[in-house]
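The analysis underlying the following values was restricted to heavy atoms, covering all of them including side chains, and did not include hydrogens, waters or symmetry mates.
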Amino acid sequence: MVAITLPDGSTQNYEAPVTPADVARQIGPGLAKAALAAKVNGEEWDLNRPVDRDAHLSLITARDPEAMELIRHDAAHVMAEAVKELYPETQVTIGPAIENGFYYDFARDAPFTPDDLEKIEARMREIVERDEPIQREEWDRQEAIRTFEAMGEHYKARIIAELPEDAPVTVYRQGGFVDLCRGPHLPSTGRLGKAFRLTKLAGAYWRGDSSNEMLQRVYGTAWVTERQLEDYLHMLEEAERRDHRRLGREMDLFHFQEEAPGAVFWHPKGWTLFNRLVDYMRRRQDAAGYDEISTPEVLDRSLWEASGHWETFGENMYTATTADERAFAIKPMNCPGGVQVFKQGITSYRDLPMRVAEFGKVHRYEPSGALHGLMRVRAFTQDDAHIYCTEAQMESECREVVDFILDVYKDFGFEDVHIKFSDRPDKRIGSDEIWDQLEGALKGALDAMGHDYAYNPGEGAFYGPKLEFVLRDALGRDWQCGTLQVDLNLPRRLDATYVGEDGESHYPVMLHRALFGSLERFIGILLEHYAGNLPLWLAPVQGVVATITSDANDYAETVRRACRERGLRVQSDLRNEKITYKVREHSHAKVPLILVAGRDEAAKGNVALRRLGGREQEILALNEALDTLAREAAPPA
RNA sequence: GCCGCGGUAGCUCAGGGGUAGAGCAACCGAUUCGUAAUCGGUAGGGCGUGGGUUCAAAUCCCUCCCGCGGCACCA
């Protein structure tokens with residue numbers, strides 16, 4: 001007998017062994033039909049897997065959050081089964097559930113084509129139709145390896161061979177398909193339902209290592225209900241509309257062209273936006289006790305050798321040789337140049353912390369496949385700063401920077417920001433002792449502040465550990481924006497010192513930090529975040545004065561000039577077009593304000609104010625409108 | 001960098017061996033019309049690049065460039 005305790009606290013005795021499916025049937029036919037899997041003592045459990053001892057048991061149905069992952073995982077298996085049926089020579093490798101869906105990596109000689117994708121999806125639907133039972137089996141390890149080898153599934157055999165010794169080898173069988181899998185799974189393929197779709201083909205390296213062979217990855221999306229699938233597909237369409245590359249063109253902000261891959265041509269409106277952000281950051285940094293400098297973009301090779309960049313970062317650097325046969329590099333980072341300013345004269349401990357900002361444009365030769373609109377470019381401007389401080393000051397300076405970043409992000413409506421902590425990479429400079437110290441300080445500051453963060457082993461900068469502040473684009477892709485790195489290595493490499501209280505010279509701790517990170521990337525994120533509807537203070541064109549008839553032209557010009565005098569970026573549209581046409585056009589251009597000037601307004605000294613996205617108009621006296629708008633257009637303090 | 005897909009007018013896209021197409025935008029007229037498209041007309045293309053196959057290439061094959069989606073990279 002086993003005693004099964006249900007979530008409501010009631011306990012029932014059963015003849016052992018009993019399966020969750022038995023329990024569900026006993027509770028009621030509705031539940032038996034709805035159950036997808038179970039939880040036994042907190043562990044996810046197949047519906048037909050026997051329970052042989054007393055346990056707490058709960059059933060998972062489509063309404064539970066766990067259902068989504070089960071469905072996606074099953075979708076991956078059904079896809080693998082479909083592929084094996086259609087292309088028996090293809091080997092299966094791994095196929096997990098992921099955010100919004102699933103994928104499966106296959107090994108085969110020829111890549112899949114988009115046609116194959118359709119065939120596979122059609123076969124998947126047949127397999128769902130067949131409603132094959134999905135059965136869990138535990139196999140002997142050596143036996144499992146032999147069996148998969150015999151099946152020609154060499155990748156699976158390798159995966160089993162590398163499983164921990166004590167791990168049970170479980171396989172799942174559905175129809176003629178057998179797959180190594182931890183489970184759990186739905187009781188049969190029919191339970192997957194219809195709410196799935198294969199979405200894209202991609203290459204992916206075996207074990208995520210580019211020195212390994214490339215597998216063929218098929219991505220799909222899967223949901224519990226068809227309604228959810230439709231919503232998701234609809235969301236993707238919406239995301240396409242807020243793609244910053246599209247908005248950049250539509251709003252006439254910037255462009256790229258072949259001659260400068262990964263480098264932005266900023267148009268007047270885009271550059272206006274760019275500069276509003278710089279203005280904002282300058283103001284904030286000034287208030288936070290920063291000075292600002294500017295350093296050369298092209299510096300002699302010897303400096304990069306001294307800093308360690310030439311060796312550690314050289315593959316990403318643009319270099320230039322001049323007629324005098326000197327070798328230069330275009331700066332990929334601002335730090336070595338910045339340190340030269342620090343080194344001028346003698347710095348006392350009394351001068352620390354010294355916070356020095358630079359809006360530095362850097363060039364990095366990024367792999368061609370990494371380029372992505374404004375998000376990943378080869379030439380970009382950082383809102384960089386270096387804080388030189390003592391070891392005693394380092395933790396509090398770190399905390400200030402973290403606070404600063406999060407506070408800045410709030411001004412743009414980013415409330416919950418993902419933070420990642422990255423420690424020493426393989427390719428690095430400096431001793432392990434120094435790294436211990438730096439990692440401890442950075443982590444300590446973060447822990448003391450109580451922020452959640454993800455741990456990113458081995459992803460730090462070559463000179464120090466780092467915090468990454470991550471924002472998401474319209475499609476949910478993560479981009480590192482702000483960053484904070486602590487560094488004791490560059491001051492040594494570049495011989496930057498200060499005179500301490502003891503009269504001796506010491507190396508300062510150097511904090512590298514950027515809040516926006518890259519202005520380019522941040523603008524890309526902002527455009528997608530706001531779907532192009534920038535807040536008034538950032539909009540390149542804040543308003544357009546649109547006339548209804550040419551009788552109002554003079555008045556419209558008066559309004560425009562008055563706006564400009566109040567610092568508002570306002571243009572006029574005197575074209576001989578209908579007001580509906582002008583409203584439509586400027587609305588598409590995402591202009592936040594349309595000030596309509598017709599005969600009435602001209603006669604009474606009013607403006608009819610129409611806000612982007614609004615249906616209503618507001619009639620205001622010109623002066624009143626100017627006061628209101630000037631106030632609304634003020635940047636965050 | 002790797003795998004797949006793509007590049008035709010300013011934009012969005014048809015055409016896929018036999019004389020380059022549409023809508024929007026642009027330009028020129030007319031229209032003075034109160035809140036998301038007024039009407040008519042005109043002009044605009046080395047079909048990404050270089051090579052090859054062919055009587056004939058936007059179309060088929062190869063090279064390279066750029067872009068898109070992933071992977072790897074990511075300071």
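Judged by the 6.0 Å distance and 45° axis criteria, A:K200 is positioned over the aromatic ring of A:Y219.
Residue order along RNA chain B, read from the 5' end via each residue's closest nucleotide, puts A:L215 first among A:L215 and A:A597. Projected onto RNA chain B by closest heavy-atom contact, A:P332 and A:P261 fall at different nucleotides, the more 5' of which corresponds to A:P261.
Between the P atoms of B:G29 and B:C66, the separation comes to 44 Å (whole Å). B:G41 and B:C24 have their P atoms separated by 12 Å, with the value rounded to a whole Å. Of the P atoms belonging to B:U63 and B:C2, the separation is 12 Å, rounded to the nearest Å. Of the P atoms belonging to B:A57 and B:U19, the separation is 12 Å, rounded to the nearest Å. Comparing B:G67 with B:U8, their C1' atoms sit 15 Å apart, to the nearest whole Å. Across the C1' atoms, B:A9 and B:C71 are found 36 Å apart, a figure rounded to whole Å. Using C1' as the reference atom, B:G17 and B:U12 are 27 Å apart when rounded to the nearest Å. The P atoms of B:G10 and B:C27 are separated by 15 Å, rounded to the nearest whole Å.
One can place CZ of A:R376 at 12 Å from P of B:C71, the figure rounded to the nearest angstrom. The distance between atom CG of A:D115 and atom P of B:C5, rounded to the nearest whole Å, is 11 Å. A straight line from CZ of A:R241 to C1' of B:U12 spans 14 Å, rounded to a whole angstrom. One can place CG of A:D252 at 13 Å from P of B:A26, the figure rounded to the nearest angstrom. Straight-line distance from the CD atom of A:E259 to the P atom of B:C64: 19 Å, rounded to whole Å. In this structure, the CZ atom of A:F112 is 13 Å from the P atom of B:C5, given to the nearest Å. Remark: C1' of B:C65 and CG of A:L371 are 13 Å apart, rounded to the nearest angstrom. Atom CD in A:E459 sits about 11 Å away from atom P in B:A72, given to the nearest Å.
In summary, A:D243 and A:R245 engage in a salt bridge, as defined by a charged side-chain N under 4.0 Å from a carboxylate O. Taking the charged nitrogens against the carboxylate oxygens, A:E528 and A:R477 have no contact shorter than 4.0 Å, which rules out a salt bridge. Electrostatic pairing of A:R472 and A:E99 counts as a salt bridge here, judged by a charged N lying under 4.0 Å from a carboxylate O.
Proximity of A:H372 to the phosphate of B:G69: a side-chain N or O atom is located under 4.0 Å from OP1 or OP2. Residue A:R249 places at least one side-chain N or O under 4.0 Å from the OP1 or OP2 atom of B:U12. Note on A:R207: every side-chain N or O is 4.0 Å or more away from OP1 and OP2 of B:C71. Here A:R245 reaches the OP1 or OP2 of B:G69: one of its side-chain N or O atoms lies under 4.0 Å away.
In this structure, A:K466 reaches the sugar-phosphate backbone alone: every heavy-atom distance under 4.0 Å involves primed, P, OP1 or OP2 atoms, never a base. A:R246 comes within contact range of no nucleotide atom at all, as no heavy-atom separation falls under 4.0 Å. Among the protein residues, A:S210 comes within range of the sugar-phosphate backbone only, with heavy atoms under 4.0 Å from sugar or phosphate atoms but none that close to a base. In this structure, A:D551 reaches neither bases nor backbone, as no heavy-atom distance under 4.0 Å exists between it and the strands shown. A:A204 comes within contact range of the sugar-phosphate backbone alone, with a heavy-atom separation under 4.0 Å but no base atom that close. Backbone-only contact: A:Y219 has heavy atoms under 4.0 Å from sugar-phosphate atoms and none from a base. The residue A:P111 sits close only to the backbone: its heavy atoms come under 4.0 Å of sugar-phosphate atoms, none of a base.
Remark: B:U19 base-pairs with no nucleotide in the shown strands. Criterion, Watson-Crick or G-U wobble with two distances under 3.5 Å. Figure legend. B:A56 is base-paired to no nucleotide; pairs are counted as Watson-Crick or G-U wobble with both atom distances under 3.5 Å. Across all strands shown, B:A26 forms a Watson-Crick or G-U wobble pair, both distances under 3.5 Å, with B:U42. Pair assignment for B:C47: none, as no Watson-Crick or G-U wobble contacts are both less than 3.5 Å. Using N1 to N3 plus N6-O4 or O6-N4 for Watson-Crick, or N1-O2 and O6-N3 for G-U wobble, each under 3.5 Å, B:U32 pairs with nothing. Nucleotide B:C2 forms a pair with B:G70, judged by Watson-Crick or G-U wobble geometry with both contacts under 3.5 Å. A 3.5 Å limit on both hydrogen-bonding distances identifies B:C65 as the Watson-Crick or G-U partner of B:G7.
Side chain of A:R378 to backbone of A:H363: no donor-acceptor contact under 3.5 angstrom is found. In this structure, the side chain of A:N456 does not engage the main chain of A:K420 through any donor-acceptor pair within 3.5 Å. Checking side-chain atoms of A:R72 against main-chain N and O of A:F102 turns up no donor-acceptor pair under 3.5 Å.
Donor-acceptor pairing under 3.5 Å, judged by distance alone, is absent between the side chain of A:R521 and the base of B:C74. On a pure distance criterion of 3.5 Å, a polar donor-acceptor pair joins the side chain of A:Y205 and the base of B:G1. On a pure distance criterion of 3.5 Å, no polar donor-acceptor pair joins the side chain of A:R217 and the base of B:C71.
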Base versus backbone protein contacts along nucleotides 35-46 of chain B [heavy-atom cut-off under 4.0 Å; B, S, -]: BBBB--------
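A:F112 and A:Y87 have their aromatic ring centers within a separation under 6.0 angstrom. Ring-centre distance between A:H386 and A:F342: not below the 6.0 Å cut-off.
Around the CG atom of A:N212, the shell of radius 6.0 Å holds more than 12 heavy atoms that belong to other residues, nucleotides or ligands. The number of heavy atoms from other shown groups lying within 6.0 Å of CG (A:D109) does not exceed 12.
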